[in-house]
Amino acid sequence: MFLRLLLVVGLLFITAALQAQTTHQDSLRVVAITHDSTRVMQWTKLGLDIIYGRTGSYREALTYLERAEAEAKETGYPLLVTHVIQQRGELEWVAGHWPEAMALFQQAERSYAELVAEKKRGSASIRYFVLLTKLRIGQVQTDNKDFGPARKSLMDALHYARDQRLLGTKEQRLVASIYNSLSILEGKLKNQEKSLAYADTAALRSRAAGDEDTYFVSLLNTAITRKNMKQYATAIEQYEACADYFARQKDNFGLAMVYANMPRALLGLKRYDEGIAYAKKAIAMANQTADRVAIQSDVHQALSELYEAQGNIQLAFEAFKLSKAQQDTLFTKDKERQMQELEAKYEAEKKEAQIQELQVKSEQRTWQLAGLGGGAVVLSLLLGLSLYQSKRLREGSKRIVRQKQQLQLLMKELHHRAKNNLAIVSGLLELQANRTEDKHTKQAFREGQQRINAMALIHQRLYQANEITAIDLREYISNLVQSLMKTYGQTASSLDLNLSLQADAVEADVAVPLGLIINEVLTNAFKYAFKQVSRPFLSVTLEIQENRLLLQIADNGPGVDLADWNSPKGSFGKQLIRSLSDQLDAELTVMNIKGTYVRLDVPIAAPVGELVPQ
C-alpha cells in the first residue's frame, strides 16, 4: 500500500504560528534578492520547502511556485522556465494531484529534450533533468495504477541513461531510483521475484554510487518483498539494518515505514508481542507524516491479525474496525479525486467538441465557396483519386498485418513443437533412469534430462512471449535456478541466493548455448560445492556493457581443481562448456575466489535492447 511513500519525504508537524512567521521572513529575504535567476530559484525552493518540510498548505506553496514561473518567463531563459515547471510537477506529485503532475512532467521533459537537441552550452547537465523527468513520469503512472505505461516509461528511462552514457555519480543515483521504482511496480503486480531482482539491483547501484539514502530505501523495499515472499527472518534482519540507519539520520519518516512493515514479518515468525509493539510505534509515528491515514489503516489491519493470532478476539475486532474506518476515509478521498479528474476530462472533451464543431462549420463554408468556382470538378477528381489511394493503402496495410500475424503464429507453433519434442526426450531419459539400478548411469541420465529441460525452457519462453526471436535472460535464469534448486533439494531458507540480472533480451541463437553453459556451471555447484558447507551461497550476475554480455557465477564451495580444468581432457560437462563458449566466441575464465568463480564475456554483434514486459 505504501511503497510509493518510500520515494516521498514525510511532512513534519510545526505549529501554524511558527510556520507563518518563518515563511514570512523567508519571503522577505527572497524579495530582497536582485539577481533574477537566483530570486526565481529561491521562490521555487521556498514553495517546495513548505510542502516538504513544514506541513504548510498546498495553496501557499503553489502561490510561491506560480510567482517563480511568472518571473522566470520575464527573464526569457527557457531553461529557467523549464526548471520551475519541473518543480511544480514535484509539488503536484507530493500533493497527490497526479494528472496535473503528469502534464507538468511531460511538458518539462519535452522542453529539456529540445534544449539538448539545440546543443546549447550545458546540454550535458540538462540530460540529467531529462532522465529525472522520465523517472517521475513512470512514478506518477505507478501511483495512478497505470502499470503498463509506467513500466514502459521506466524502461525508457533506463534506455535513455544507457544510450546517452550517463555515467556520473548523480546520474547513477537516478538509475538506482529507476530500478527501485521498477521493483515497487512489480511488487504492486505481485511479481515478487522480479520485484526482488530489481530491488537488489537498485541497492547495488546506489551503494556503488555512494548514495546511502537510496541504498537503505532500496534495502527497505527488498525487505518488504522478502516479507511478501514469506522470507521473514531475512526480512527482519534487513528491517533492523534500515531502522538503525534511519535512526542515526534522524529520519522519522523512514523509521515509521520500517515500523509499519515489521509487524507482518514478526507475525510470520509467530513473535506476536514484538509485532504488536512495533505496530503501536508505527501508529504513533504515522501522526508525523502526511500519509497518516494510509499508514495507520494498514498497520491496524496487521495489528488485528496479531491480536487474533494471540487469541485476543476483542482487541483484534477493535483494531479491525479502526482499519476499515480508515480505509473508508481513503476510499472517499480517492473517489473525490476521481470525480475531479472526470469533471476536468469532461470539460476538456466539451471544449474539444466545440472546437471540432467550429472546424466542421469552417470546412463546410470552404466547400461552399469552392463549389461556386470553376475548380469544383478538379477538386472532385483529386478527392476521388485520394480516396482510391487511401483504400489501396488500407488494403495493403491489412495484408501486411495478416502476414505478420501468420508468421508469428507459425514461429510460435514451431517453438511449441520443439518444446514438446524436447519434453518427450526428457521423459524418455527419465524412464531410462528409473529402469537402471546403477547410480552413475542414473545420474548421467538425470544430467542429460536437465540439459534437455534447459533447452526446452528457452523454447517455452519463445512460445509464450510476444517477441518470438528474443529471450528475457533475467526471467529465464531465475526459472532455471529455481528448477535446479528443486532438483537438488535446496530451498530459499537453506541457500543464500543472490541474483542480480538486467532485464535484457538476446537472440535465441545466443540464449540456447548460454543457457546450457549456465545449467552446467550451476549443476556442478549444486552437486559438488555445497556438500561440506554449513551455509551454501550462490551468486549469479548478468550485465550489459556496450556490445558485450557479462555473466558471473560464484559459490562458496571448496573450489575447482584448476590443473584438471585446464587439461585438454575431462568430463563431458567441462568439454560442453568449452565447446559452447567457443561457439559464442566468448572469453571464459574459471578461478578459485573463496569458492568457484566463473566469468563469461560474450560479444554481441549489436546492442541488445531491454525487453519491455507486456
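Bear in mind that the values here come from a model prediction, so they are computed numbers and not experimental data.
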**Request:** Please indicate whether R165 has more than 12 foreign heavy atoms, meaning atoms of other residues, nucleotides or ligands, lying under 6.0 Å from its CZ.
**Result:** no
Check the pair Q310, D273 against side-chain hydrogen bond (donor to acceptor under 3.5 Å, both in side chains), reporting the backbone distance first and the verdict last.
-> CA-CA 9 Å; Q310 273 192 334; D273 290 336; 2.5 Å; yes
Rounding to 0.5 Å, atoms NZ (K134) and CD (E109) come to a distance of 4.0 Å
Item to complete: Indicate whether any N or O donor in one side chain lies under 3.5 Å from an N or O acceptor in the other, for Q141 and D146.
Response: no
Heavy-atom closest pair (F320 atom, S304 atom, distance to 0.1 Å) is CB-OG, 3.5 Å
Checklist entry - Take atom CD in Q192; do more than 12 heavy atoms of anything else shown fall under 6.0 Å from it? => result yes
Look at atom NZ of K73 and say whether more than 12 heavy atoms of other residues, nucleotides or ligands are closer to it than 6.0 Å.
no
Looking only at heavy atoms, the pair that brings V130 and A113 closest together is CG2-N, 4.0 Å
Contact check, side chains of V217 and N180, non-hydrogen atoms, under 4.5 Å
yes
Quiz prompt | Side-chain donor-acceptor contact under 3.5 Å, Q172 with D211 | solution = no
One should read off an interatomic distance between L220 CG and M257 CE, to the nearest 0.5 angstrom, of 6.5 Å
- Query: Is any side-chain N of the basic residue among E171 and R127 closer than 4.0 Å to the acidic one's carboxylate O?
  - Reply: no
List the steps and the verdict of side chain to side chain contact (heavy atoms under 4.5 Å, CB included) for L79 and I126.
CA-CA 9 Å; L79 180 58; I126 300 175; 4.2 Å; yes
Do Y239 and Y278 come close enough that some side-chain heavy atom pair is under 4.5 Å?
-> no
Are the side chains of Q86 and L104 in contact, using a 4.5 Å heavy-atom criterion? no
query: Taking side chain as C-beta onward, heavy atoms only, is S218 less than 4.5 Å from T214?
result: yes
Of all heavy-atom pairs linking A176 and R205, the shortest is CB-CB, 4.0 Å
Rounded to the nearest 0.5 Å, the CD atom of Q231 sits from the OG1 atom of T222 at a distance of 10.5 Å
Sorted by chain and number, sequence neighbours left out, salt bridge (charged side-chain N to carboxylate O under 4.0 Å, His left out) with K227 holds for none
Review point. Can you check side chain to side chain contact (heavy atoms under 4.5 Å, CB included) on L132 and L174, steps first, answer last?
Key: CA-CA 7 Å; L132 174 62; L174 277 186; 3.8 Å; yes
Exercise. Are K152 and D156 within salt-bridge range, i.e. N to O under 4.0 Å?
Worked result: no
dist I236:CD1 -> R271:CZ (nearest 0.5 Å) comes out at 5.5 Å
To the nearest 0.5 Å, atom NE2 of H300 lies from atom OH of Y307 at 9.0 Å
>> Counting C-beta onward and ignoring hydrogens, is there a side-chain heavy-atom pair between L303 and I276 closer than 4.5 Å?
In response: yes
Closest heavy-atom pair, L499 versus D200, reported as atoms and distance to 0.1 Å, is O-OD2, 3.9 Å
Q. Just checking, is any N or O donor in the side chain of S181 or Q139 under 3.5 Å from an acceptor N or O on the other one?
A. yes
Exercise. Apply the test salt bridge (charged side-chain N to carboxylate O under 4.0 Å, His left out) to residues E186 and R151: give CA-CA distance (whole Å), side-chain angles for both, the deciding distance (0.1 Å), then the verdict.
Key: CA-CA 9 Å; E186 297 299 342; R151 184 188 280 123; 3.1 Å; yes
- Can we say E90 and R136 salt-bridge, meaning some charged N sits less than 4.0 Å from an Asp/Glu carboxylate O? yes
| said: Under a 3.5 Å distance rule, please check whether S195 uses its side chain to pair with a backbone N or O of N191 as donor and acceptor. | reply: no
Scanning both residues in full, the closest heavy-atom pair of A235 with R226 reads CB-CB, 4.2 Å
- Query: Would you find more than 12 non-hydrogen atoms of other residues, nucleotides or ligands less than 6.0 Å from Y160 atom OH?
  - Reply: yes
Between V84 and L65, the two heavy atoms sitting closest are CG1-O, 3.8 Å
Notebook entry, point to check: L131 versus L135: any side-chain heavy-atom pair under 4.5 Å?
Noted result: no
Please step through side chain to side chain contact (heavy atoms under 4.5 Å, CB included) for the pair V299 and N261, ending with a clear verdict. CA-CA 8 Å; V299 176; N261 283 282; over 6 Å; no
Practice task
Measure from the ring center of H83 to the ring center of Y112 and say whether it is less than 6.0 Å.
Solution key: yes
Test your reading of the model: is there a side-chain donor-acceptor pair from S183 to the backbone of Y198, 3.5 Å cut-off?
no
### Task
Using a strict 4.0 Å threshold on nitrogen-to-oxygen distance, state whether D298 and R264 make a salt bridge.
yes
Would you indicate whether the side-chain heavy atoms of E318 and L322 approach each other to under 4.5 Å?
no
Fill in: Ion pair R67/E71, N-O distance below 4.0 Å
yes
Dump the intermediate steps for side chain to side chain contact (heavy atoms under 4.5 Å, CB included) on Y245 and D213, then the final yes or no. CA-CA 9 Å; Y245 175 79; D213 289 338; 2.4 Å; yes
Is there side-chain contact between Y179 and L154, with heavy atoms separated by less than 4.5 Å? no
dist F216:CZ -> D251:CG (nearest 0.5 Å) comes out at 12.0 Å
Salt bridge between E212 and R207, side-chain N to carboxylate O under 4.0 Å? yes
